[in-house]
Amino acid sequence: MAYLESLIQKCNSLSHIKQLQVHFITTGQLLLSPSRTKLLELCAVSPFGDLSYATHLFRHIQNPSTNDWNAVVRGLAAGPEPTRAILWYGTMSRQSCRVDALTCSFALKACARMLARSEAMQIHSQVVRFGFYADALLMTTLLDVYAKSGDLDSAEKVFDEMDVRDIASWNALIAGLAQGSRPSEAIELFNGMRVEGWKPNEITVLGALSACSQLGALKEGEKVHGYIMGEKLDMNVQVCNAVIDMYAKCGFANKAYTVFKNMCRRSIVTWNTMIMAFALHGDGYKALELFEQMGGAGVHPDAVSYLGALCACNHAGLVDDGVRLFDSMAGSGLTPNVKHYGSVVDLLGRAGRLKEAYDIVSSMPMTPDEVLWQTLLGASKTYGNVEMAEIASRKLVEMGSNSCGDFVLLSNVYAAHERWKDVDRVRTAMKDRDVKKIPGFSYIEVDGVIHKFVNGDQSHFNWREIYAKLDEIKFRTKAYGYVAETNFVLHDIGQEEKENALCYHSEKLAVAFGLISTAEGTPIQVIKNLRICGDCHVVIKIISKIYNREIVVRDRARFHRFTEGLCSCKDYW
DNA sequence: GCTCTGTCTA
């Protein structure tokens, strides 16, 4: 027996496995349970294994044990078609073979990869029926599936009902909340676990930092960074990468760069994160400089590095550098993907080179995605190109896109040309199609507390004062010569109401709150989930001038730094 | 004896 075990351990290729299998068959040992399971596992999960061969081996076993099944389910769950693991799990549970906690764990792992919530629910009910609910590892896997598939309520419920938790349970929920648009709760949970005496590890802080990045929560982010230093978690490269990202997304590219410089070991992700950080802040040259430096440091730029550098060119208006970069990809052995194409189309589009942008779209080797057509539509709007806008819109409709922004852009193009009939047609189409409107919201941190505003929000404890401030802003900006561009508003309402609809956008509410709740001269920073609206961009520029404040707005794409009536994006976004 | 949690992407 021992010699068989050692033979199996020496296997390092599929042909070894096949030789062993022949040996087992000829000596009649394929029936011996422990060795054949080992062989099966080797086939199913080892790096040199082969899934189809594993299932082939499995079919030659007359009475497969639970462990035999587990080997296959585990292998399938990690393979290219996780659905098959779920199917095998179903077959297994219908047969007489006993399903154990590991089987459920592997099947749930497959669900996590497929984001298969309803399948996970079925396995969940079996887990309860089989009495595995006390298994902390299994319940953590379950929690993670719910969180990843967007059902945070169920994830929380599983967490709450667990009698025994380990650090991974906390981590799974914190990461789930952070990634699932409930970042404030992720931070609360992170602080809560420390109160309960838990010691966050590398993985915990990754989740917490990701939440801080999304919220632009600098104060919390600094606390997490302090914890990382105290616990020496900064030895971990991934943790440092997340710290860089956090500082960059909280508006402090220089702090991010300090962390970057102090790292003794850097991964390619470190470089990519820092390049993206400069891009986000419109520091095109710094991003390109870093991109050049990485080669010298022995790190070859990958597809993400190129995307970051291209993105930096976009935000800094470095059109020729960007095009050159894009063209140089092939020489580095990299094939541009749809995002690289999207980026270069954006680059040309912003520069008004719509024809070239369109030629690239027509000649690209893969199908353009929605985002790409939206990019072209946005550029068409900026340059008032009706034909191009119509082409892009038609493509978007064909692709089943139903997003409000696409219709608004097209309508704006028509409105700019005073083609009111076409404007009406688009509005009617919007009504008929029940378009999706992602609700816009903005965050602002004041004294370490995050305040969230949605459009027309009246739920803030201070809303009356905020609205009074907005009235004052309206008055003072008008006196300064501002005229509302109501063409950003689509509803069939009167001029004054249109102005009001613009006036209470979430980013304006957040800025107004910043003005009344921070000392004069203090910079104000706002985070918005969508792109900043054109009217808000105009108004905030004026606010920065007449109130003499630096105002920073991070929108979906980049940072806008407003000072003295100007924006760092040079109105080019 | 074997599971669970994870940074960067127009």
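Just so it is clear: chains get the letters A, B, ... in the order the sequence lines come, proteins before strands, and each one is counted from 1.
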Between A:R113 (CZ) and B:dC4 (P), how many Å, whole number?
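One finds 12 Å between P of B:dC4 and CZ of A:R113, rounded.
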
For atom CG of A:L138 and atom P of B:dC2, their distance in whole Å:
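Answer to the nearest Å: 16 Å.
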
Quick one: list whatever passes side-chain contact (heavy atoms from CB on, under 4.5 Å) with A:V304, sequence neighbours left out.
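By the side-chain contact (heavy atoms from CB on, under 4.5 Å) rule, A:V304 matches A:N272, A:D302.
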
Using a cut-off of 4.0 Å on non-hydrogen atoms, how would the nucleic acid contact of A:N70 be classed: base, sugar-phosphate, or nothing?
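The residue A:N70 makes no contact with any strand.
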
Applying ring pair (Phe, Tyr, Trp, His ring centres under 6.0 Å), name anything that partners A:F326, two or more places apart in sequence or on another chain.
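Scan of A:F326 (ring pair (Phe, Tyr, Trp, His ring centres under 6.0 Å), adjacent residues dropped) gives A:Y341.
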
Quick one: ring-ring contact (aromatic ring centres under 6.0 Å, His included) pairs with a partner in residues 172-198 of chain A, sequence neighbours left out?
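ring-ring contact (aromatic ring centres under 6.0 Å, His included) check on residues 172-198 of chain A returns A:W170-A:W198.
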
Not counting sequence neighbours, which residues clear side-chain hydrogen bond (donor to acceptor under 3.5 Å, both in side chains) with A:T140? List them please.
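Scan of A:T140 (side-chain hydrogen bond (donor to acceptor under 3.5 Å, both in side chains), adjacent residues dropped) gives A:S169.
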
Results of side-chain hydrogen bond (donor to acceptor under 3.5 Å, both in side chains) for A:D153 - residues two or more places apart only:
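side-chain hydrogen bond (donor to acceptor under 3.5 Å, both in side chains) check on A:D153 returns A:R182.
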
Using a 4.0 Å heavy-atom cut-off to protein, can you give one letter per nucleotide of nucleotides 5-10 of chain B, 5' to 3': B if the base is in contact, S if only the sugar-phosphate is, - if neither?
BBBBBB

